[in-house]
J.: 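Structure below; questions to follow.
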Amino acid sequence: MNDLEQNRNTGIVSGYRAVVIGGSAGSFQVVTRILSSLPVNFNLPVILCLHRLKHVRQGFVEALNLKSNLKVVEPDDKEIIRNGLAYLAPANYHLYVELGNYFALSTEEMVKFSRPSIDLTLDSASYFYKEKMIAILLSGANSDGADGMKMAKKRGALTLVQSPQEASIKTMPEAAISATTIDHILKTDDLVELLIKLNGVNLRN
Amino acid sequence: MNNETHLSFTSVGDISLTDLKKLVTFIKNNFNFDFSQYAMSSFKRRVARVLQLYSISNVDELISGLVNRRELFDEFLKEITVNHTEMFRAPSFWRKLRDQVIPLLACNQPIRIWSAACSSGEEIYSLAILLQEAGVYEKARIVASDINDRVIAKAKSGTYWIRSLEVNEKNYQRFEGKMKLSDYYVTSGDNYIMNKDLLRNVSFKQFDLVMGSEFSKFDLILCRNVLIYFTPELQNQVLRLFNNSLFMKGFLAVGEKETIAFCKNAEKFETFCAEERIYRKISE
Ligand SMILES: C[S@@+](CC[C@H](N)C(=O)[O-])C[C@H]1O[C@@H](n2cnc3c(N)ncnc32)[C@H](O)[C@@H]1O
């Protein structure tokens with residue numbers, strides 16, 4: 001873990017096991033941009049928790065898949081998490097990561113008026129992946145995700161936030177920035193570049 | 001039960017696995033419910049929520065609270081198990097049930113149906129309305145069960161908070177029912193009360209899917225949005241119970257995001273409708 005911490009500053013980082021991305025209003029374009037820029041051999045699972053319409057089951061995954069270099073799926077309950085796939089939290093369900101490297105879904109109450117809740121996904125994912133996770137929070141109009149980023153940071157994850165200047169709605173990134181230490185506050189282009197760099201290292205190791 | 005309270009986020013990380021195990025063992029020994037195979041993340045969060053709701057500072061305090069006031073356990077059970085439900089939840093499922101499954105069962109005498117986690121009853125009223133509109137209600141014998149007595153009492157009362165009406169009305173429209181949902185209830189203050197006639201062929205029963213064993217045979221089992229709270233191992237066990245509780249060629253319907261594909265005994269079923277998660281028993 002110390003190596004990992006140390007190497008972060010030099011940009012030579014390896015051993016990551018997952019990328020978890022939270023976003024709400026104004027994040028769709030950014031997510032599309034990320035998914036269309038990642039190399040097809042991207043070697044980690046990308047777990048997406050995005051606020052979305054409750055009763056619209058179809059269409060979102062299809063829209064993301066149009067441009068994505070990784071296949072995007074909505075995981076079923078207890079589905080094993082695999083590298084190189086992007087997973088989208090289904091409408092109206094919370095998405096948890098369980099200790100056995102699989103997903104679990106839940107219809108518990110909303111958290112911060114949200115289901116899926118970015119807090120719950122980031123919290124459970126960082127409980128499992130600890131420092132081997134990259135946590136990213138994008139544009140959004142409420143403060144969901146801030147507590148999740150805090151937990152992720154506490155457990156050693158790398159925390160990245162879309163720069164509030166660039167974000168179409170800055171409430172969400174700003175809430176995270178005031179809740180915890182953010183390793184890098186980045187514009188979309190730089191976010192993408194960093195992920196590609198990390199993947200290069202991940203592939204070599 | 002549309003209990004959309006907005007408690008602030010409580011991290012599941014606050015409670016250690018050791019404490020959770022202690023709590024689970026205590027409950028098993030004192031109340032005979034076994035939560036040891038509930039999926040960890042949500043179970044942990046449920047416990048954290050109970051602590052927060054009742055201003056209890058830790059698991060030890062919760063345990064002594066339950067020792068001193070056993071009636072607290074009812075509250076605990078209600079919070080631990082997730083009760084969220086809607087009428088005609090996932091309307092396309094209910095359309096499929098009406099258009100493809102019920103016609104295949106319509107000749108059975110009786111049509112035996114088990115709703116294995118009926119929560120506060122919305123699923124039962126949906127089922128009853130569906131069967132009535134299909135003209136086969138009289139032949140139906142429905143068993144409605146849940147682990148939790150309280151939600152069963154609520155199901156029997158058929159009295160729901162007016163705030164849940166909008167979702168239920170919308171779902172019924174998407175289901176494309178023959179009537180108006182309002183033909184099946186009367187409003188009364190802040191509540192609406194379902195027509196009790198819809199329960200004339202329903203028998204309620206407290207039943208725990210973890211500890212319980214086969215008690216009858218059915219043509220159709222609904223078990224929606226409860227397997228998600230179980231570990232893969234417990235899902236295997238419950239699928240075995242369902243296999244034993246179905247007639248050959250009987251139907252099993254799980255929630256819209258649940259699948260039996262990862263279960264051990266999956267090959268004892270065939271997929272009847274992949275999209276709506278409806279399966280059919282093909283071997284003992
Ligand atoms: C989310 S509700 C689902 C209600 C309904 N089937 C639906 O899909 O809307 C889950 C229900 O499962 C019940 N439950 C949880 N554990 C159970 C168990 N071991 N045996 C039976 N029911 C259980 C809970 O009490 C709750 O009412």
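Both backbone and side-chain heavy atoms feed into the values below; hydrogens, waters and symmetry mates do not. In what follows, every chain begins at residue 1, and chains take the letters A, B, ... in the order their sequences are listed. Only a predicted model underlies this, so the values are computations on that prediction, with no experimental measurement involved.
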J.: Would you say B/K281 has more than 12 foreign heavy atoms packed within less than 6.0 Å of its NZ?
T.: yes

J.: Should we say atom NZ of A/K170 is surrounded by more than 12 heavy atoms from elsewhere, each under 6.0 Å from it?
T.: no

J.: Taking all non-hydrogen atoms of both residues, which atom of B/K257 and which atom of A/P75 are closest, and how far apart?
T.: CD-O, 4.0 Å

J.: Quick check on the interface: out of B/T231, B/V82, B/I228, who has the most heavy-atom pairs with chain A under 4.5 Å?
T.: B/I228

J.: Do B/N225 and A/Y93 have side-chain heavy atoms sitting under 4.5 Å apart?
T.: yes

J.: Less than 4.0 Å between a side-chain N and a carboxylate O, is that true for A/K78 and B/E258?
T.: no

J.: Under 4.5 Å heavy-atom distance to chain A, tell me which part of B/E256 shows up: side chain, backbone, both or neither.
T.: both

J.: Is the backbone of B/M40 close enough, under 3.5 Å, to the side chain of A/E98 for a donor and an acceptor to pair up by distance?
T.: yes

J.: Considering only heavy atoms from C-beta outward, does the side chain of B/R45 approach that of A/H94 to under 4.5 Å?
T.: no

J.: Has B/E166 got more than 12 heavy atoms of other residues, nucleotides or ligands less than 6.0 Å from its CD?
T.: no

J.: For residues A/N92 and B/E86, determine if any side-chain heavy atom of one lies less than 4.5 Å from a side-chain heavy atom of the other.
T.: yes

J.: Check B/R49 with A/E109, please: is the shortest side-chain N to carboxylate O separation under 4.0 Å?
T.: yes

J.: Are A/R115 and B/H84 packed together at the side-chain level, in the sense that at least one heavy-atom pair is separated by less than 4.5 angstrom?
T.: yes

J.: Does any heavy atom of chain A fall under 4.5 Å from the side chain of B/A261, the backbone, both, or neither of them?
T.: neither

J.: With the side chain counted from C-beta on, respond yes when B/Y229 and A/T107 share a heavy-atom pair under 4.5 Å apart, and no when they do not.
T.: yes

J.: Between A/Y127 and B/S41, is there a side-chain heavy-atom distance shorter than 4.5 Å?
T.: no

J.: Can you tell which part of A/F128 gets under 4.5 Å to a heavy atom of chain B, answering side chain, backbone, both or neither?
T.: neither

J.: Kindly indicate whether the side chain of B/F262, heavy atoms from C-beta on, has any atom under 4.5 Å from the side chain of A/D77.
T.: no

J.: Do the non-hydrogen side-chain atoms of B/T259 and A/E79 ever get within less than 4.5 Å of each other?
T.: no

